[in-house]
Asker: 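Supplied in structure tokens, the structure appears directly below.
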Amino acid sequence: MTVPRDQLMEKIVALCKRRGFVYPSSEIYGGLAAFYDYGPYGTTLRRTIRNLWWRSMVELRDDVVGLESSIIMNPQVWVASGHVGGFSDPLVQCLGECKERWRADQLADMHRCPKCGGPLSEPRQFNLMFKTYVGPVEDSAAVAYLRPETAQGMFVDFKNIVNSVRVRVPFGIAQQGRSFRNEITVQNFIFRVRELEQMEMEFFVRPGTDDEWHAYWVKERLRWFAEVLGVDASHLRARPHDKDELSHYSKATSDLEYDFPFGWGEVEGVANRTDFDLRAHQEHSHEDLTYLDPETNERYLPYVIEPALGVERTMIVLLLEAYDEEDVRGETRVVLRFHRNVAPVQAAVMPLSKKQELIAPAREVLGLLKPLYRTEYDQTGGNIGRRYRRQDEIGTPFCITVDFDTLNDRAVTIRERDSMEQERVPIAGLVERLRERFA
Ligand code: ATP
């Protein structure tokens with residue numbers, strides 16, 4: 001059953017709340033716009049996304065290393081990077097009834113409020129960085145910023161990394177972590193949040209090879225979405241920026257866009273940042289940030305290709321890809337058809353009833369699967385049909401049921417999420433059978 005596109009987001013938001021994926025932050029106090037908390041399944045989904053990215057971008061490669069830099073850095077970093085001067089969006093305010101604020105570049109009509117039709121103010125630049133103070137004195141010398149991107153950590157630690165670990169251009173530095181943007185307009189659930197989790201990699205290359213590497217990373221990142229996360233490739237596209245759209249640091253950027261219910265939207269940006277950042281930090285810090293090629297003895301500032309994305313948008317993509325409803329014997333079955341790699345629970349083990357004699361074999365089966373898969377033990381929650389439906393809603397590919405026959409035949413039932421088909425398998429062969437079915 002296809003769910004109408006205009007209802008999809010609403011349904012996903014409701015499911016995320018109902019099943020413990022995403023809650024509004026500090027909800028008992030009325031929440032805080034564009035801040036969210038992630039419940040048990042949301043947390044697992046986010047960790048899984050981060051782990052799959054880290055595995056592909058760092059662990060399975062021999063040319064990328066990791067970094068965790070601090071969220072609050074010396075404020076000069078943000079002067080050099082251009083964020084203090086230029087990380088801003090044009091803000092307009094409704095001068096009519098509703099007084100709503102808007103991002104001018106996102107309005108179809110720059111003169112009329114989309115909500116109440118009132119006149120709009122002239123645009124003024126609004127800096128998106130959150131400010132705070134370091135230390136006990138709240139004066140201008142103590143002002144610092146919560147980072148709006150993780151990337152600058154990689155540039156300011158470039159020299160440390162080159163001097164302390166064995167890396168040679170071309171190589172990358174990858175980082176995952178929180179970034180903060182005081183976005184003017186927030187909408188579409190977790191698509192645009194004010195506290196986000198970024199996954200960024202700065203890949204340092206020899207100038208002149210940058211176009212080639214840029215093309216490589218666009219292709220590689222599309223492959224990751226399709227092969228590792230199971231995203232339908234026809235729902236994704238790479239859209240090169242027009243010249244007037246490029247950021248101040250970029251020579252070329254391709255957005256990897258997803259076909260959201262509200263239109264094509266950026267999930268990841270792959271930018272050719274040239275040597276803009278290293279050059280800027282070299283000038284402002286007066287430190288030599290050039291790289292000495294040990295083979296040719298040439299010294300240069302490397303160019304940088306940056307694939308950068310957020311966990312939140314990746315989450316929405318996965319939820320949109322997965323969400324489905326179907327009619328089963330007159331009832332609507334809601335199912336998240338998550339790819340096996342991303343399902344927060346990959347196998348749920350459930351005794352048919354709470355009878356003591358079923359618990360021991362169910363726990364035994366759980367013990368077999370726990371080291372291999374993300375598992376859940378589901379003993380409560382009513383009859384088996386209701387428990388299957390709950391697992392369907394959180395996207396569990398396989399439920400393993402222990403019933404009274406198990407006590408005699410030492411076999412269990414594997415129930416598959418999408419087809420709802422059941423298969424009887426001896427406990428002794430369960431691990432092997434699941435391995436085949438996950439393959
Ligand atoms: P947009 O044009 O949508 O504001 P951006 O071009 O400013 O995004 P980048 O600076 O390229 O975004 O950030 C890299 C990635 O970080 C984006 O592709 C997106 O996945 C994520 N991201 C950026 N801002 C937000 C936000 N406010 N909420 C959620 N994710 C974000």
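Quick caveat, the model's predicted, so the values are computed rather than measured. When a ligand or atom number is given, it counts from 1 through the structure's own listing order.
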Asker: Atom CG of Asp210 and atom CG of Asn272: how far apart are they, to the nearest 0.5 Å?
Answerer: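 It comes to 4.5 Å.
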
Asker: Can you name the residues that form a side chain to side chain contact (heavy atoms under 4.5 Å, CB included) with Arg124, not counting sequence neighbours?
Answerer: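 For Arg124, the residues satisfying side chain to side chain contact (heavy atoms under 4.5 Å, CB included) (neighbours in sequence not counted) are Leu91, Phe126.
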
Asker: Please identify each residue that fulfils side chain to side chain contact (heavy atoms under 4.5 Å, CB included) with Ala151, with sequence neighbours left out.
Answerer: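 Listed in chain order: Glu149, Phe155, Glu200, Glu202, Arg273, Glu306.
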
Asker: In Å, rounded to the nearest 0.5 Å, how long is the span from CD1 of Ile12 to CE of Met315?
Answerer: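 Atom-to-atom, Ile12:CD1 and Met315:CE are 10.5 Å apart.
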
Asker: Dump all N/O pairs between ligand 1 and the protein below 3.5 Å as a table: atom names plus distance, one pair per row.
Answerer:
unit_1   : atom_1 : unit_2 : atom_2 : d
ligand 1 : 3 (O)  : Arg192 : NH2    : 2.9
ligand 1 : 3 (O)  : Arg313 : NH1    : 3.2
ligand 1 : 3 (O)  : Arg313 : NH2    : 3.1
ligand 1 : 4 (O)  : Arg192 : NH1    : 2.8
ligand 1 : 6 (O)  : Glu266 : OE1    : 3.2
ligand 1 : 7 (O)  : Arg181 : NH1    : 3.1
ligand 1 : 10 (O) : Arg181 : NH1    : 3.2
ligand 1 : 10 (O) : Arg181 : NH2    : 3.0
ligand 1 : 11 (O) : Glu266 : OE2    : 3.3
ligand 1 : 16 (O) : Gln198 : NE2    : 3.4
ligand 1 : 18 (O) : Glu266 : OE2    : 2.7
ligand 1 : 18 (O) : Val267 : O      : 3.1
ligand 1 : 20 (O) : Val267 : O      : 2.7
ligand 1 : 20 (O) : Gly310 : N      : 3.0
ligand 1 : 24 (N) : Arg181 : NH1    : 3.2
ligand 1 : 27 (N) : Glu183 : OE2    : 2.7
ligand 1 : 27 (N) : Val193 : O      : 2.8
ligand 1 : 28 (N) : Phe191 : O      : 3.3
ligand 1 : 28 (N) : Val193 : N      : 2.9

Asker: Considering residues at least two apart in sequence or located in another chain, which fulfil the side chain to side chain contact (heavy atoms under 4.5 Å, CB included) criterion with Ser56?
Answerer: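 In terms of side chain to side chain contact (heavy atoms under 4.5 Å, CB included), with neighbours along the sequence ignored, Ser56 is linked to Trp224, Val228.
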
Asker: Could Arg313 and Phe191 be counted as a cation-pi pair, given that NZ or CZ must be under 6.0 Å from the ring centre and within 45° of the axis?
Answerer: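 Ring-cation test returns yes.
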
